[in-house]
Each structure stands twice: as C-alpha cells, then as structure tokens.
Number of protein chains: 2
Amino acid sequence: MTLEFRHHPAVTLAEVAEAAGVGESTVSRVLRDHGSFSKKTRDRVMEAVERLGYVPNRIAGTLASAGSRLVAFVIPSLSNIVFPDVLRGASTVLEENQHQAVFSVTDYDPEREEALVAAMLAWRPTAVMLAGFEHSERTLKMLRASGCRVVELLDLDGTALDLAVGYSNRAAGRTSAEFLLKRGYRRIGYVGHDLDRDTRAGKRFAGFSEALGAAGAPLADREIHAGGSSVESGRLGLERLLARRRDLDAVYFSNDDMALGGYFHCLAHGIAVPSQLAIFGYNGLDIGRVTPQPLSTIRTPRVATGRIAAELVVTNAPPQVVDLGFELVEGATT
Amino acid sequence: MTLEFRHHPAVTLAEVAEAAGVGESTVSRVLRDHGSFSKKTRDRVMEAVERLGYVPNRIAGTLASAGSRLVAFVIPSLSNIVFPDVLRGASTVLEENQHQAVFSVTDYDPEREEALVAAMLAWRPTAVMLAGFEHSERTLKMLRASGCRVVELLDLDGTALDLAVGYSNRAAGRTSAEFLLKRGYRRIGYVGHDLDRDTRAGKRFAGFSEALGAAGAPLADREIHAGGSSVESGRLGLERLLARRRDLDAVYFSNDDMALGGYFHCLAHGIAVPSQLAIFGYNGLDIGRVTPQPLSTIRTPRVATGRIAAELVVTNAPPQVVDLGFELVEGATT
DNA sequence: GCACTGATTGGCAGCGCTGCCATTCTCCTC
DNA sequence: GAGGAGAATGGCAGCGCTGCCAATCAGTGC
C-alpha cells in the first residue's frame, strides 16, 4: 500500500535550500551547526527541513567529508552472551557520540572473519572491533592498510595491532586453578567446548592446567564438547567425565553456561556441591548469583570492555592496551 | 606505531584502473562481475587489485548506484536474549546476501527510538527492523516517507506498516493461562517486569489475565518489578508475592529469566514444585530444559523471526504479515 | 575483402553532500 | 562618509563510484 508512495526520490539538501530561499552551503552549515549564520536564516532553514521532512544523507556526507562515524564489530558469536554484552557496553557510548554500530558474526571461523573484515572495510568505518588477537595474515594486512582504528577485545595475551581492551584469559585460568588448589581440591577435572576455535577459552584452559601442573596436581581428566558452549553440553560433559572418573573433587568449566549445566546435573543426581564435587565457572553471569548455591566463578568486565573500547575510539585515543582485570567470585559451589 | 602509515589515502578504483592499464568502468565491471569483459582483462584487473590491496568504497558505490545493502535494527535491548537471538537469525541471511546489519538500542524508550530511526535513515538503509508496532507518530511518518522497507518484529497484535514477522503475544498469554487452568490451577499469581515499556510483555499479561477472567478464576495477585527483567528480580518478585499470598498454587512469569529466578527461590526454600507451587515462563530458553526440573514455558521462534525477516528483505517480498506461531513446552514445573 | 553482429571497452556525467574561496552585508571607528 | 573587520552567504569543485552511451574490436557469412 505504501509502495506507491515509495519511489518519489528522497528530499535533497538542494531542495531544502531552494524551499528556504538560501544556498546549499547555508543549509549544510545550519544543519551541522558549524560556521556562522543568522538566527533568521536558521529558522527559515529549519522550517523548510521540517516541512519537507528532510533527512540528511550520510552516505553523501561521508563521501564528501571524511569520517563515516561507523564502527564495525566483527564478532565470533551472538549466542555467547559475552558479545551481546560487549555490544551493549559500546552501543550506549557510540549513540551518545553520533556513531553507528555495524556488526557481523564469524562463527569463530578465521576465514569468515577475513571476508567479513573486508566487507566492513568497504564502509570505511572509523574503527573495527575484533575479538582477540588471532587473525589471519590477510586480515591483519587489510586492517593495517585500512587506516582505520582497530580494537582487539577481551584478550591481553598477544600483540595488539593498535588498541586492545580486555583482560588476560591465561591469568583468569591460572587464578581459578590457584583458588581451587588453595581450597584443598586436588583431583580436578575440566569440562569445556571447542578450544581451537574459541582461542580465549583455550588460553584459560592453558593457564589453568599450567598452574595445576606447577602445583604438582596436574589435571586429572577432561571432557571436551565439540561444538559451542551451552548449558546442555555442560551437563552432558560432566556426566561423561564423572562416568570415567568418580574420584574427582572439583571441576573447572570453560564458562558459566557449562558450569550451570554441571551444577544442575549435580542437583538432579543428588551429588552434594561442594562437599562431593566443587564447581567453578567463568564469566560471572547474573544467573549464577541466584541459583540455590551461588556459582563460584570469575566475573569478567564484558560491558565495560565494550564501553571503554568505544570511548577510546570516539576520543581517538593513541594506541594502547587497557587491562580491565577480572574478579574472582567466591560462591557456594567450591 | 602504525599511525604514521595511516594517512596515505586509501587506494581508489581509478588507481587500480591506471595500474591495470584499463578504464575505470572496466575495473568496476570486473569487480562486480557485471557486464562483459575478457578473461585476460579480468586477470589483469585482479592482479592490480591484489597488488595494491584495493578495497572498494561502498560509500561511493552506494551514492552512485542505489541500494546501500544496509539493514538497520532499532531494538529495545541487548540484555534481553530475545534481541541477540533475532540479530543472530538475521545476520546469517544478511551476510550470505552481501548485506550489512547496523543496530542501535532504544532501551524501550519511544523517544530514543525516534531519534535512532532518524539516525538510521540517514544511511538510506534497505530496510529498518523494529520491535513491535508501538512507535511514535513521527517515527511512523519518517518510516513511511523514507521509501525503505520496514519490518516490525516479534508481535502480531497491531497494524503493520509494511512487513511484520512474529507471533501473537496476546495469544501466548492466553495459551499459558488456558494450560494452567486445564491443569487445575486456580489461585494464580503473576510476577513480571515493567509492562508499560515492554509492550509485548504487557500484551502477554493482558491475554493471560483475560483468559483467567473468562474462566472465572481471575488473577489472584501480581508483583511487578519496576526495571527490566532478570533472574534476580524474578526470585525477589516471587518472594514478595508469596509473602502476601501464601495460598497461590501457580505463578506465571513475564519470561523465563524471571521464572528461573522464581524456580531457584523454590529450590532454595524447599517449596515443592509443582505440588506446592507451579511455575510457568515464556521464551523457551535452552537453560530451562536443563534445570533439575525442565521449565514449563512457551517456546518462541526468536532466531527464525530474524531469519525470515531478513529473507523477506533480501528478496524484496511484497508487504505481508508472517505468523511464526509459538509452542507450549510442557516441562516439569507445572 | 566487406558488411554486420555482438562482445569489450573507455569516457564522462552525475549521486548528495562538504570544504574552500569569493562575495556581499553589517556595523563600527575615526 | 570613508575605511575596515567580521559576520553571513553563495558558488562550485570534488569525494569514489556506477550507469549510460559511444567507440572499438573480433568473428562470421558471403
């Protein structure tokens, strides 16, 4: 129905100028509140804008001037709550500063990442935000050549291209291990998801087992789920792990989703937590604070990561690495 | 460090043409694989593209031709898993069809929505995707005048502007009530979050209490949390509700997050579910299937909503309303 | 060898806006 | 009233690409 009305081409700045009886540059100046013009002119222009329903064309504006004020996010997943949280932190800052967020999802695939980065760069964004430091050679080359800011998020164990905001996953894994050891657990298992693709989970695991090894209590066993992480696969993973190793006294999960699955498995099968089995997660999801026993975990600054990253970009900060740290949350499952 | 290298302006199509010894239009044709050119020319162009690291400028391309292939999402929230799920469903389809997703978050505020829609329209997107049918007069006017496709998501109770994809929230509420009634529950309470802002939750609640009323078992009591929904507020809400009404035999929650909070409260306080109190949610989150007792809920096609919406847009389908329905999941909490 | 058809190719005018520069107005100052 | 400093304004050349059209080239039939 509205289709008939659709194709009258959109109002242009020139038409507004005509309608207001002023020059194009005057309209442009008024709309951007930049340069000088009289109050009377301003009113006349705004009246015409209002009357014609003019919406500036930023495609044209960007081409003519410089910055697109577009910030591109190339993220691995939207199922993993981490990334919506980062986007959430960033979007507030970006909106306040008249920037726009564009995103695409790589599904943890470096080749897709490469293709998507290329597609994003075609929009000449102000900045590109990526997860972590592991990128293909070509991706890195494109980013370097692009001239736009690059922010690598949620990791610190690697070399930054330009800006980096996050925390050390390796240290998070180590801290988790040290905590469990200090609590006296010795027969510790691990339940995780695909570590090759999710390199940050891989780094946590490396830090974790490294610390266990250093303390003379190496990882007893582990169960890796081939796909992504989920509550369901956490439950299943723990079930399988326990079927092999009944003597475990603690299990470290690759994140809270998995850990909650494990916790529910214990609840459902009468496994006393933590006396029979301790459970430790990662992320510090809200839900983990409300379970009958609050989940022991590492709380990560996901929203802040997005916020800070966006702030660095809109203020055009010099290249730097920002360590936001993490916080160990001592729940009741350890 | 790379900052020094940054400001050599990006390679342009003209430079590629020069380097390959062909005309600009030939390069353009080769890159878009559109029109005809010889194999030899193609190779020569691609070689130059490769060598110079050329990345097409879609800002310029869009200005010169037509479609931006940008799809704008103006969503209420990223904390509510519903919206990441919708984005997830859409992003796959969009990426496969060389479209890009831009988004911004209104925080359930119609005025912010208005401002953000205006900002989005400045990019001349192919389509704008919004949540629900409730928009300000000015928002509607801008959208109608914009000439771009409009998709209203996740609701069916209202009048569509152009395309709509979702399901009836009112019917979901009604179905939930009828299910509880059929199970014999009569003293039913409600725990929810801010219904004025989240109009879809409001419609579910309306459908729910309407059905209860029609069956002669009107809602016994309700507890509304002023802010957004969360597991924590669900727990707290149930606690408060039960403090007032010890005699309830079932509680309907505005969504699964809230319901899980309520369920955890029961687990922690020895309230037998469902014999003492039945719990019913909404959304059908994965986690609800793995709790010791699977949660009774309504499963909504969130990812499919995003996917279908994107498909309609990329295929430029005629205006229509797509009802994706929902599914009642009979868990063990009722 | 010549006309004819269709495949290839290059030239160039915009797309709608911004930035620069020149011009015109205002308002003071002396 | 002349001279001068700004303020206010308009004109117009691009930004980098695509779409259109004209020009050129290659292959075919006779």
Side-chain angles (χ1 to χ4, degrees), chain A residues 7-46 48-49 52-70 98 119 121-125 146-147, chain B residues 7-46 48-49 52-70 98 119 121-125 146-147:
Chain A
H7 292 307
H8 60 93
V11 182
T12 68
L13 188 147
E15 298 176 66
V16 174
E18 164 97 331
V22 301
E24 294 182 35
S25 12
T26 301
V27 176
S28 175
R29 273 187 297 257
V30 169
L31 286 174
R32 286 175 301 144
D33 193 16
H34 175 280
S36 65
F37 44 81
S38 68
K39 170 99 180 57
K40 199 170 61 186
T41 303
R42 204 197 79 93
D43 293 341
R44 214 133 50 99
V45 169
M46 292 315 282
V49 164
L52 301 180
Y54 172 67
V55 178
N57 183 335
R58 262 172 80 157
I59 301 276
T62 300
L63 184 61
S65 63
S68 65
R69 289 178 168 259
L70 234 32
Q98 289 77 251
L121 288 177
W123 286 102
R124 301 293 187 265
S146 72
Chain B
H7 292 308
H8 61 93
V11 182
T12 68
L13 186 145
E15 298 175 65
V16 174
E18 164 96 331
V22 300
E24 294 182 34
S25 14
T26 302
V27 177
S28 175
R29 274 187 296 256
V30 169
L31 286 175
R32 286 175 301 145
D33 193 17
H34 174 277
S36 66
F37 43 82
S38 68
K39 170 106 179 53
K40 200 169 62 184
T41 303
R42 204 198 80 93
D43 293 342
R44 215 131 51 98
V45 169
M46 292 316 280
V49 164
L52 301 181
Y54 172 68
V55 177
N57 183 335
R58 259 172 81 161
I59 301 276
T62 299
L63 184 61
S65 63
S68 65
R69 289 178 169 259
L70 234 31
Q98 288 75 253
L121 289 177
W123 286 103
R124 300 294 186 267
S146 71

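Below, chains carry the letters A, B, ... as their sequence lines are ordered, and counting in each starts from 1.
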Per atom distances to the B/Ser25 side chain, the nearest of C/dG14, C/dG11, C/dG16 is C/dG11
Is it the case that the base of D/dG19 and the side chain of B/Arg29 share a donor-acceptor contact (distance under 3.5 Å, atom types as modelled)? no
Distance test, side-chain N/O of A/Arg32 to OP1/OP2 of C/dT18, below 4.0 Å: yes
Separation between OH (B/Tyr54) and OG1 (B/Thr12), nearest 0.5 Å, reads 7.0 Å
A/Phe37 atom CZ is separated from D/dT9 atom C1', nearest whole Å, by 12 Å
A/Leu63 CG to C/dG16 P, in whole Å, measures 12 Å
Output yes when at least one side-chain N/O atom of B/Thr41 is less than 4.0 Å from OP1 or OP2 of C/dT9, else no.
yes
Ranking B/Tyr54 and A/Gly21 by the position along DNA chain D of their nearest nucleotide, the one closer to 5' is A/Gly21
A/His34 atom NE2 is separated from C/dC20 atom P, nearest whole Å, by 9 Å
Please confirm whether the shortest side-chain N or O distance from A/Ser28 to OP1 or OP2 of C/dT18 is below 4.0 Å. yes
**Report entry** Donor on one side chain, acceptor on other, A/Arg42 and A/Ser38, under 3.5 Å
**Finding:** no
Interatomic distance, CZ@A/Arg58 vs CD1@B/Ile59, rounded to 0.5 Å, equals 9.5 Å
- Message: Is there, by distance only and without an angle test, a donor paired with an acceptor across the side chain of B/Arg58 and the base of D/dG16 below 3.5 Å?
- Response: no
Taken to the nearest whole Å, CH2/B/Trp123 to P/C/dG16 is 16 Å
### Message
If the cut-off is 4.0 Å, is B/Thr26 near the phosphate of C/dG10, judged by side-chain N/O to OP1 or OP2?
### Response
yes
To the nearest angstrom, the CG-P distance between B/Leu13 and D/dC15 comes to 13 Å
- Task: Please check if atom CD in A/Glu18 has more than 12 non-hydrogen atoms from other residues, nucleotides or ligands closer than 6.0 Å.
- Result: no
Is any side-chain heavy atom of B/Thr26 closer than 4.5 Å to a side-chain heavy atom of B/Thr41?
yes
Between A/Glu24 and B/Val22, the residue closer to the 5' end of DNA chain C by nearest nucleotide is B/Val22
To the nearest angstrom, the NZ-C1' distance between A/Lys40 and C/dT26 comes to 12 Å
Rounded to whole Å, CZ of A/Arg44 lies from C1' of D/dA8 at a distance of 12 Å
With the side chain defined as heavy atoms from C-beta on, A/Ser65 is closest, among C/dG19, D/dT18, C/dG16, to C/dG19
Quick one: label B/Thr12 by what it contacts on the DNA or RNA (base, sugar-phosphate, nothing), any heavy atom closer than 4.0 Å.
sugar-phosphate
State whether B/Ser38 places a side-chain N or O below 4.0 Å from either non-bridging phosphate oxygen (OP1 or OP2) of C/dA7.
-> no
When rounded to whole Å, the CZ to P distance for the pair B/Arg69 and D/dT18 reads 12 Å
